[in-house]
Amino acid sequence: MIDVKAIGSPRARQIHQLIITETVIAMHSEVRMRRGWYILYESTVTDSPYDNYPDIVIFDEHNTLQFSMEITRKWGMSYDKKKCLQLQQRFPDAEFYIYNYETDILYALGEDGQWYNSRDYEINSRLFERPLLDYIFVPEEY
């Protein structure tokens with residue numbers, strides 16, 4: 001008998017998946033207004049199954065990464081920051097964000113390599129009309 005728990009990595013909690021889904025839905029129409037652009041969730045930054053796979057990615061009409069957002073809890077922050085810094089080296093024109101749903105804080109990776117947070121700054125993206133926190137939905141019961 002095969003132990004299914006031993007195969008692969010564990011799936012994310014439902015709240016994590018819900019936040020990703022609701023955020024993609026909220027962003028979708030603005031992304032699609034840009035001809036040829038598209039938004040995906042839990043997709044690789046290239047088409048290789050071995051590449052990094054952020055929670056939310058936006059590609060332009062040339063299939064170039066323009067936006068990446070991780071949805072995480074406190075324990076995942078360090079890993080996600082490292083992943084974003086690695087991706088920034090490969091995609092220097094893209095925007096990188098991490099949303100911590102336990103603290104309700106959004107972090108933005110600045111061009112200077114520093115992290116800025118929504119407690120101290122209004123976090124905006126050049127791709128969207130409103131502050132990014134407006135697109136993120138966390139149910140009250142969480």
Side-chain angles (χ1 to χ4, degrees), residues 3-142:
D3 182 2
V4 177
K5 291 181 183 178
I7 298 174
S9 62
R11 294 305 305 150
R13 299 174 69 201
Q14 285 184 348
I15 186 66
H16 180 264
Q17 297 301 105
L18 176 63
I19 294 167
I20 292 170
T21 301
E22 294 293 335
T23 303
V24 168
I25 290 168
M27 293 177 165
H28 183 264
S29 63
E30 286 185 52
V31 172
R32 295 297 293 156
M33 287 184 350
R34 297 170 183 261
R35 186 178 180 116
W37 287 50
Y38 56 98
I39 184 169
L40 299 171
Y41 56 93
E42 295 188 349
S43 175
T44 60
V45 295
T46 62
D47 211 15
S48 168
Y50 305 105
D51 208 344
N52 286 311
Y53 54 96
D55 291 323
I56 300 171
V57 289
I58 298 173
F59 295 94
D60 66 14
E61 71 275 14
H62 304 292
N63 205 32
T64 302
L65 181 69
Q66 294 296 320
F67 179 99
S68 170
M69 181 181 284
E70 296 288 349
I71 307 297
T72 193
R73 299 186 291 171
K74 287 184 263 189
W75 67 265
M77 286 293 300
S78 177
Y79 172 77
D80 285 335
K81 283 182 176 181
K82 288 177 189 174
K83 183 164 49 169
C84 288
L85 288 168
Q86 290 171 352
L87 287 172
Q88 186 187 43
Q89 290 175 358
R90 292 172 54 199
F91 303 97
D93 295 330
E95 301 178 26
F96 297 92
Y97 302 95
I98 300 173
Y99 176 69
N100 182 329
Y101 61 86
E102 288 180 333
T103 60
D104 192 32
I105 298 173
L106 178 66
Y107 297 84
L109 181 57
E111 292 178 10
D112 58 2
Q114 299 297 312
W115 287 97
Y116 297 89
N117 69 71
S118 59
R119 283 181 302 191
D120 300 326
Y121 302 94
E122 182 176 82
I123 305 293
N124 293 291
S125 165
R126 60 183 157 80
L127 305 180
F128 296 97
E129 297 174 1
R130 298 174 286 157
L132 276 180
L133 277 175
D134 289 355
Y135 296 88
I136 300 172
F137 169 77
V138 180
E140 289 183 28
E141 61 271 11
Y142 173 74

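Sequence positions, counted from 1, serve as the residue numbers for this chain. Values below: every heavy atom of this structure, side chains too, minus hydrogens, waters and symmetry copies.
Interatomic distance, Tyr99 OH to Ile19 CD1, rounded to the nearest 0.5 Å: 6.0 Å. In this structure, the separation between OH on Tyr135 and OG on Ser125 is 8.5 Å, given to the nearest 0.5 Å. Of the inter-residue distances, the one linking Met27 atom CE with Glu22 atom CD reads 12.5 Å to the nearest 0.5 angstrom. For the atom pair CD1 of Ile71 and OG1 of Thr23, the computed distance is 5.0 Å after rounding to the nearest 0.5 Å. With rounding to the nearest 0.5 Å, the separation of CD1 in Ile20 from CG in Asp55 is 3.5 Å. Residue Ser118 holds its OG atom at 10.0 Å from CG of Leu132, rounded to the nearest 0.5 Å.
The closest side-chain heavy-atom distance from Arg73 to Tyr101 is below 4.5 Å. Looking at heavy atoms from C-beta onward, Arg126 lies in side-chain contact with Glu95 at the 4.5 angstrom threshold. Contact check for Glu30 versus Glu129: side-chain heavy atoms found under the 4.5 Å cut-off. The side-chain heavy atoms of Met69 and Leu106, taken from C-beta on, include a pair separated by under 4.5 Å. Between Ile58 and Arg34, the closest side-chain pair of non-hydrogen atoms is not below 4.5 Å. Looking only at side-chain heavy atoms (C-beta outward), Leu87 and Val45 come within less than 4.5 Å of each other. For the pair Ile15 and Pro139, the minimum side-chain heavy-atom distance is below 4.5 Å. Annotation: side chain of Phe59 is in contact with side chain of Leu65 (closest heavy-atom distance under 4.5 Å).
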For residues 76-85, which side-chain N or O atoms pair as donor and acceptor with protein atoms under 3.5 Å away, sequence neighbours left out?
residue	atom	partner	partner atom	Å
Asp80	OD2	Thr72	OG1	3.3
Lys83	NZ	Glu70	OE2	3.0

Contacts under 3.5 angstrom, residues 107-115 side chains, donor-acceptor by atom type, not counting sequence neighbours:
residue	atom	partner	partner atom	Å
Asp112	OD1	Gln114	N	3.0
Asp112	OD2	Tyr116	OH	2.5

Checklist line | side chain to side chain contact (heavy atoms under 4.5 Å, CB included) between Tyr50 and Thr44, worked out | finding: CA-CA 8 Å; Tyr50 305 105; Thr44 60; over 6 Å; no
Next item on the list: Begin from the C-alpha positions of Ile39 and Ile56 and carry the test side chain to side chain contact (heavy atoms under 4.5 Å, CB included) through to its verdict.
Entry: CA-CA 7 Å; Ile39 184 169; Ile56 300 171; 3.8 Å; yes
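Under a cut-off of 6.0 angstrom, the local environment of CG in Asp120 is crowded, with over 12 non-hydrogen atoms contributed by other residues, nucleotides or ligands. The neighbour count for Tyr41 OH, taken as heavy atoms of other residues, nucleotides or ligands under 6.0 Å away, does not exceed 12.
The nearest pair of heavy atoms linking Glu102 to Asn100 is N-OD1, 2.9 Å. Across every non-hydrogen atom of Arg32 and Tyr38, the tightest pair is NH1-CB, 4.2 Å. Residue Asn124 comes nearest to Pro131 through the heavy atom pair OD1-CA, 3.2 Å, listed as atom of the first residue, atom of the second, then distance.
The aromatic rings of Tyr97 and Phe67 lie tilted to each other, with the angle between the two planes from 30° to 60°.
Of the possible donor and acceptor atoms, one in the side chain of Asp60 sits under 3.5 Å from a partner among the backbone N and O of Thr64.
Every residue two or more places apart in sequence or in another chain was checked for a salt bridge (Lys or Arg N to Asp or Glu O under 4.0 Å) with Arg119, and none qualifies.
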